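Taking it in order: structure first as structure tokens, then the write-up.
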Amino acid sequence: MLEGIYGWIQDISVYLIVMAAVMHAIPGKDYGKYIRFFSGLVLILLLSTPLLKLAGMEGTFRAIYRNREYEMERKEIERAEEIYEQADVFGFVGEDPQDQGSPGAEDRGTAENEGGQGDGTIRVEDIEIGE
């Protein structure tokens, strides 16, 4: 039990030292009140951890945090998928090359049959630009 209290006091001490260094490192005083507010919230959480452990609610709070984190990641992935679908990235890539063997296999065979070098190069007969 004394080890837990010692660790708790050590965590608070390290946090206060780090926050004092951050407060001195910020260039302007404009953001000081926001940093103090945020650091106060974190300090309240640090001070309440022994009470949460005694009440058995620490696991509940961790589970809630993990669920929220999972939901945020899931929503971010869904948004990215929508953006890709709107940009038609999947249509640009085309069919899966593994379904048809190696990429460009038909082109290499055609080039070899039409007098190509046989080393995988493709000859281009005509190129038209515009209408």
Side-chain angles (χ1 to χ4, degrees):
M1 176 149 169
L2 288 176
E3 294 170 358
I5 294 173
Y6 177 73
W8 177 60
I9 292 173
Q10 186 178 13
D11 290 343
I12 292 173
S13 302
V14 168
Y15 177 74
L16 290 175
I17 291 169
V18 168
M19 285 314 301
V22 168
M23 290 300 294
H24 288 291
I26 58 172
K29 299 296 178 189
D30 297 335
Y31 296 110
K33 62 181 177 181
Y34 300 112
I35 294 174
R36 278 194 300 275
F37 175 73
F38 177 73
S39 65
L41 291 175
V42 174
L43 185 60
I44 289 171
L45 288 173
L46 281 174
L47 292 172
S48 65
T49 52
L51 298 174
L52 293 174
K53 284 182 183 179
L54 287 175
M57 296 180 63
E58 182 185 21
T60 305
F61 282 115
R62 287 183 192 261
I64 290 171
Y65 174 74
R66 286 188 187 123
N67 287 340
R68 286 209 178 243
E69 185 179 24
Y70 171 76
E71 286 297 319
M72 288 184 348
E73 287 179 10
R74 188 182 60 79
K75 287 178 183 178
E76 185 177 332
I77 290 170
E78 286 176 355
R79 271 188 255 122
E81 183 180 10
E82 289 175 8
I83 290 171
Y84 288 143
E85 286 176 356
Q86 289 174 356
D88 198 27
V89 172
F90 298 122
F92 177 73
V93 173
E95 297 178 10
D96 189 13
Q98 294 176 351
D99 291 341
Q100 300 176 353
S102 63
E106 299 87 15
D107 296 335
R108 282 193 298 272
T110 307
E112 291 171 5
N113 292 340
E114 294 177 359
Q117 305 300 330
D119 59 350
T121 59
I122 300 172
R123 285 191 351 201
V124 177
E125 297 291 329
D126 294 326
I127 297 176
E128 294 182 20
I129 299 175
E131 293 183 37

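The model shown is predicted, which means the values in this text are computed figures rather than measured ones.
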* To do: Inspect the surroundings of CD in Glu3 and state if more than 12 heavy atoms from other residues, nucleotides or ligands are less than 6.0 Å away.
  => no
Should [X] and [Y] be counted in the same cluster of Ile, Leu, Val, Met, Phe, Trp and Tyr side chains packed under 4.5 Å apart?
{"X": "Ile9", "Y": "Leu43", "result": "yes"}
{"X": "Ile35", "Y": "Leu45", "result": "no"}
{"X": "Leu16", "Y": "Val14", "result": "yes"}

Please report the interatomic distance [atom1]([X]) to [atom2]([Y]), rounded to the nearest 0.5 Å.
{"X": "Ile64", "Y": "Arg68", "atom1": "CD1", "atom2": "CZ", "result": "8.0 Å"}
{"X": "Glu73", "Y": "Glu69", "atom1": "CD", "atom2": "CD", "result": "5.0 Å"}
{"X": "Thr49", "Y": "Leu51", "atom1": "OG1", "atom2": "CG", "result": "8.0 Å"}

* To do: Output yes when Arg74 and Glu78 qualify as a salt bridge under the 4.0 Å nitrogen-oxygen rule, no when they do not.
  => yes
Can you name the closest pair of heavy atoms from [X] and [Y] and give their distance?
{"X": "Leu47", "Y": "Trp8", "answer": "O-CZ2, 3.6 Å"}
{"X": "Ser39", "Y": "Met19", "answer": "CB-CE, 3.3 Å"}
{"X": "Ile26", "Y": "Tyr31", "answer": "CD1-C, 4.4 Å"}

Taking C-beta and beyond as the side chain, do [X] and [Y] meet within less than 4.5 Å on heavy atoms?
{"X": "Gln10", "Y": "Tyr6", "result": "yes"}
{"X": "Met72", "Y": "Glu76", "result": "no"}
{"X": "Asp11", "Y": "Tyr15", "result": "no"}

